[in-house]
Amino acid sequence: MELAAKYSAANVEDKWYAWWMEHKFFHSEPNDKEPYTIVIPPPNVTGILHMGHVLNNTLNDVLIRKARMDGKNACWVPGTDHASIATENKVVAKLKAQGITKDDLTREEFLAHAWQWKEEHGGIILQQLRKLGCSCDWDRTRFTMEPALSDAVINTFVYFYNKGWIYKGVRMVNWDPEAHTAVSDDEVIHKDTKSHFYHLRYFISDGNGAPTKEFLTIATTRPETIMADAAICVNPADERYHWLRGKKVLIPLINREIPVIEDSYVEMDFGTGCLKVTPAHDVHDYEIGLRHNLPVLDIIDEDGRLNEKALILVGEERFAARKKIVRMLEEAGNLVKTEEYISPVGYSERTDAVIEPRLSAQWFLKMESLAKMALETVESGRTKFIPEKYVNTYRHWMENAKDWCISRQLWWGQRIPAYYLPNGKYVVAATLEEALKLAQAIEPNIKAEDLRQDEDVLDTWFSSWLWPISVFDPEMPGHPDHKPNADLAYYYPTSDLVTGPDIIFFWVARMIMAGEEFMGREPFSNVYFTGIVRDKLGRKMSKTLGNSPDPLTLIEKYGADSVRIGMLLCSSAGNDIFYDEAQIQQGAAFCNKIWNSYRLVKGFSVSKDLKAGEAAKEATRWFAARLSQAVAQIEDLYGKFRISDALMTIYKLFWDDYCSWYLEAIKPAYGQPLDSETFENTLYFFEALLKLIHPVMPFITEELWQDIRPRKEGESIMYALSPKPEAFDEAVIENFTLAMEAVNGVRGIRSQRNIAPKEVLKLKVKAGEFPCIPVVEKLANVELGLCESFDGASQGVGFMVRTLEMFVVLDSLVDVNEEIEKAQKELEYLQKFLNGVRAKLSNEAFISRAPEAVINIERKKESDALSKIQSIEDKISALKNSK
RNA sequence: GGGCGGUUAGCUCAGCUGGUUCAGAGCACCUGCCUUACAAGCAGGGGGUCACUGGUUCGAAUCCAGUACCGCCCACCA
């Protein structure tokens with residue numbers, strides 16, 4: 001292969017991805033190896049790839065590729081989530097654009113549209129993941145609403161119903177009037193919203209429904225709900241209002257009589273201290289209503305419009321009604337004043353509609369036992385959270401978990417398997433046939449067509465919580481006695497889960513619950529929480545801000561490898577990621593570095609007759625040790641999920657150690673060949689490095705690994721075993737490091753004095769021996785001489801490497817006075833340092849209380865400083881004598 | 001309002017159960033180099049009172065308390 005001077009990802013990436021697919025390298029089947037399993041956090045079927053996906057899936061892919069190269073049977077199961085609300089919204093929007101409203105369609109017709117939409121768009125994000133290089137087992141691709149997984153969901157529902165944990169109840173729910181569904185508390189976002197605080201006058205009734213002159217004033221933000229008022233409530237301790245005891249007041253405009261009640265929920269110093277109680281339209285009011293047995297009057301319909309029970313403004317939308325009723329109240333003399341007011345208002349996460357607290361019949365799953373179990377899983381460490389801080393958040397939530405409202409008033413999703421008899425009773429069964437049997441036990445003559453299935457579907461999370469189980473064996477959930485199939489038995493529990501902390505409760509906690517309930521154990525060993533990807537100003541990526549780059553454009557521009565490493569370099573666990581395109585440029589620069597180092601290696605002409613030179617031998621010995629050392633560090637970092645640190649270690653190992661030191665040290669003089677032994681070692685090291693980098697940069701590493709030497713048909717770096725930590729000699733590294741410091745010293749002098757690298761210099765080292773002399777001579781371009789003492793110090797520029805004194809011979813260029821001055825400055829510094837150390841050593845308390853080792857370190861510092869001081873003093877006097 | 005976490009170089013972060021010559025890394029910056037692998041490069045260099053205040057200790061970036069600011073989660077006074 002002829003290598004271009006610049007690396008071009010475009011020519012490489014698609015080729016290798018296709019090749020990997022062709023050879024089914026991503027596919028896993030149970031075997032006798034240790035499994036390593038990841039299930040993808042299934043992206044919404046409607047989704048397109050954004051930077052958050054890039055980060056998450058790159059991490060997943062790094063872990064899975066690493067495991068594969070560690071010899072494990074790695075399986076990454078991909079798939080998508082049907083995302084009931086989000087998808088239904090998109091389909092509704094699309095139909096709307098065609099002039100069709102949901103009401104025009106039957107359930108079946110609508111679902112046909114939705115499935116069609118899913119077929120058209122559902123695969124997009126999975127295709128995009130291929131561009132990123134994700135090594136998912138595509139043969140195992142799952143969809144949360146495919147028939148088998150839907151069955152699992154239904155079975156699970158029946159299971160919990162029969163267990164008595166699912167119940168139907170009328171509750172105040174968060175109603176999304178736009179999506180026409182209840183949403184869970186977690187899907188409500190509270191935002192401070194500007195509104196008004198209306199002070200309204202309610203007249204006291206004379207007992208016959210006519211107003212007296214007396215009145216009280218309440219303050220409300222929602223005047224359009226006064227027609228649903230059931231009482232006025234004051235705090236029993238509020239003496240201002242004791243005169244109201246036993247009285248009734250009249251609701252303005254409609255003159256309905258309601259009682260005044262007392263409840264300590266009311267804050268005396270907030271508003272007027274009088275609260276209008278509207279049980280149907282406020283959660284707290286509902287609870288007060290329950291306590292005081294108040295009637296519930298629901299005046300807002302599912303569209304957010306006032307209904308006939310409101311008596312006035314019937315059919316008006318709630319916000320329009322608010323404006324109108326304010327005017328009416330003003331005209332009627334009931335409006336005392338209007339204040340500007342900012343208060344938190346709940347918005348639907350999916351549609352951004354203002355949430356309407358609404359009473360409705362919903363299905364609930366009891367959380368108490370499940371939450372307890374799932375908390376124990378994490379507390380016991382069977383599932384670890386990285387970073388650990390999320391355990392606190394998790395605990396707090398689990399200890400306060402409310403029952404889970406699992407019904408949604410939508411069509412796109414798994415329909416609740418409850419079947420109503422004409423008499424209003426219902427039965428729960430997985431199929432109509434079974435439901436019929438149950439129904440006939442109640443009413444023997446009933447027929448299938450008499451049964452009416454519940455209209456609602458289940459919350460999306462009620463299917464995705466089964467994901468780590470159902471992707472392998474959809475028969476399992478709902479049937480804990482079922483014998484797990486071979487896949488589930490082998491792959492469960494999965495190994496690691498990578499996801500965002502925003503779905504810790506929606507998804508992670510619930511997967512743990514389902515795992516414990518159906519499998520009797522945790523669904524994964526580790527959960528690695530990524531941060532949120534933000535722009536470099538710290539703002540969340542969003543469509544409206546336009547600060548969210550399109551990952552595919554970036555991949556096209558820089559290559560997937562660059563995008564992957566660019567994202568990872570700056571992402572420590574749990575911290576938000578401040579995305580900057582410069583990071584990806586850094587990734588691209590690294591690709592280019594790898595590429596060019598390969599060009600150098602590949603370009604060596606090799607001679608079998610040559611023996612390895614001394615410098616090459618030393619460099620080889622050193623790099624072998626250094627590699628082992630780094631591999632051990634990298635393994636350790638991976639084990640702690642410190643991915644970006646592991647990466648940086650590899651990055652520096654390659655760039656600094658391999659390229660800047662090793663290759664420069666073995667590089668033959670221009671036009672000269674390299675001995676074959678060194679060449680082979682160089683290739684060996686290069687391959688080891690490629691293997692270390694492969695999990696992060698799969699494409700370029702495959703490209704070069706394939707080129708470096710002939711490979712067998714179907715052999716891929718993907719399955720090459722990654723370098724394992726081996727024992728190494730610390731002294732080898734230590735010695736070479738000393739040599740490096742000497743080289744750096746000389747280079748520093750060259751740089752300060754503008755001496756060309758080409759000019760050969762003489763380096764004197766005051767020592768009996770010095771390691772790696774050939775390396776120093778080659779890389780610093782010096783002739784190195786050892787000597788016991790310096791006589792002609794005036795002819796050189798000195799520097800220290802640890803306690804060794806060195807100097808570069810520079811007869812013509814030395815300014816003696818300048819050298820003396822420099823030496824004196826250094827002497828001063830050392831004196832101060834020495835004084836500090838001695839102060840410590842002469843401190844009785846220190847000597848008596850500090851551990852021996854620490855004291856010894858201080859003694860060593862003292863003696864080192866003394867010897868350095870001695871050297872410098874000698875040097876200064878030599879310099880002075882030479883004047 | 002309750003809880004959790006943070007504050008270390010211009011930026012992003014590492015510094016684990018106090019003690020190596022401990023104040024670090026990458027990027028950015030400055031200087032000099034197109035030295036035949038790479039200017040997406042090479043070599044050299046500058047830069048931080050570790051948020052603040054007090055305490056514990058022989059010794060504090062590290063432990064404790066308080067203050068300020070930032071972030072996240074939960075709740076939501078109508």
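Residue numbers begin at 1 in each chain, while the letters A, B, ... track the order of the sequences.
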Looking only at side-chain atoms of Y341(A), point me to the closest of C72(B), A78(B), C73(B).
A78(B)
Between [N] and [M], how far is it from one [atom1] atom to the other, in whole Å?
N: G47(B); M: A25(B); atom1: P; answer: 13 Å
N: G18(B); M: U62(B); atom1: P; answer: 11 Å
N: G1(B); M: A75(B); atom1: C1'; answer: 8 Å
N: A39(B); M: G32(B); atom1: C1'; answer: 14 Å
N: A9(B); M: G15(B); atom1: P; answer: 15 Å
N: G24(B); M: C70(B); atom1: P; answer: 31 Å
N: G45(B); M: C4(B); atom1: C1'; answer: 42 Å
N: G55(B); M: U31(B); atom1: C1'; answer: 47 Å

Rounded to the nearest Å, what distance is computed from the [atom1] atom of residue [X] to the [atom2] atom of nucleotide [N]?
X: K860(A); N: G19(B); atom1: NZ; atom2: C1'; value: 16 Å
X: I504(A); N: C4(B); atom1: CD1; atom2: C1'; value: 11 Å
X: F505(A); N: C4(B); atom1: CZ; atom2: P; value: 14 Å
X: F270(A); N: G1(B); atom1: CZ; atom2: P; value: 14 Å
X: D263(A); N: A78(B); atom1: CG; atom2: P; value: 17 Å
X: E339(A); N: A78(B); atom1: CD; atom2: C1'; value: 13 Å
X: I584(A); N: U12(B); atom1: CD1; atom2: C1'; value: 15 Å
X: K389(A); N: C16(B); atom1: NZ; atom2: C1'; value: 17 Å

Can you name the one residue among L761(A), V746(A), V760(A) that meets side chain to side chain contact (heavy atoms under 4.5 Å, CB included) with N781(A)?
V760(A)
Answer with base, sugar-phosphate or nothing: what part of the nucleic acid does [X] contact at a heavy-atom distance below 4.0 Å?
X: V277(A); value: nothing
X: N392(A); value: sugar-phosphate
X: L275(A); value: base
X: Q586(A); value: sugar-phosphate
X: N754(A); value: sugar-phosphate
X: R222(A); value: nothing
X: K868(A); value: base
X: P851(A); value: base

Look at R750(A) and U31(B) and indicate whether a side-chain polar atom (N or O) is within less than 4.0 Å of OP1 or OP2.
no
Between Y651(A) and C27(B), does any side-chain N or O lie under 4.0 Å from OP1 or OP2?
yes
I'd like to know if K868(A) pairs up with D864(A) as an ion pair, taking the criterion as any Lys NZ or Arg NE/NH1/NH2 lying under 4.0 Å from an Asp or Glu carboxylate oxygen.
no
Considering only NZ, NE, NH1 and NH2 on the basic side and carboxylate oxygens on the acidic side, decide whether E581(A) and K557(A) come within less than 4.0 Å.
yes
Listed range with range, the stems formed with RNA chain B by at least 3 consecutive Watson-Crick or G-U pairs (under 3.5 Å) are B:1-7 with B:68-74, B:10-13 with B:24-27, B:29-33 with B:41-45, B:51-55 with B:63-67
On the 0 to 90° scale, with breaks at 30° and 60°, tag the Y662(A)-F685(A) ring pair as parallel, tilted or perpendicular.
perpendicular
Relative to each other, are the rings of Y394(A) and F385(A) parallel, tilted or perpendicular (30° and 60° limits)?
perpendicular
With sequence neighbours excluded, give me every salt bridge (charged side-chain N to carboxylate O under 4.0 Å, His left out) pair touching residues 279-290 of chain A.
none
So if I define the base as every atom that isn't primed, P, OP1 or OP2, how would nucleotides 35-43 of chain B read as a B/S/- string at a heavy-atom cutoff under 4.0 Å?
-BBB-BSSS
Give every residue pair that meets the ring-ring contact (aromatic ring centres under 6.0 Å, His included) criterion with at least one member in residues 828-863 of chain A, sequence neighbours excluded.
none
Sorted by position of nearest nucleotide on RNA chain B, 5' first, the leading residue of D645(A) and V854(A) is D645(A)
Return the 5'-most residue of the pair K840(A), F578(A) with respect to RNA chain B, ranking by each residue's nearest nucleotide.
F578(A)
Look at the side chain of D229(A) and the backbone N and O of T278(A), then say whether any donor-acceptor pair between them is shorter than 3.5 Å.
no
Residues in salt bridge (charged side-chain N to carboxylate O under 4.0 Å, His left out) with K6(A), at least two apart?
none
Any chance the rings of F529(A) and Y390(A) have centres within less than 6.0 Å?
yes
For F197(A), give me all partners under ring pair (Phe, Tyr, Trp, His ring centres under 6.0 Å), at least two apart in sequence or on another chain.
H199(A), F270(A), Y341(A)
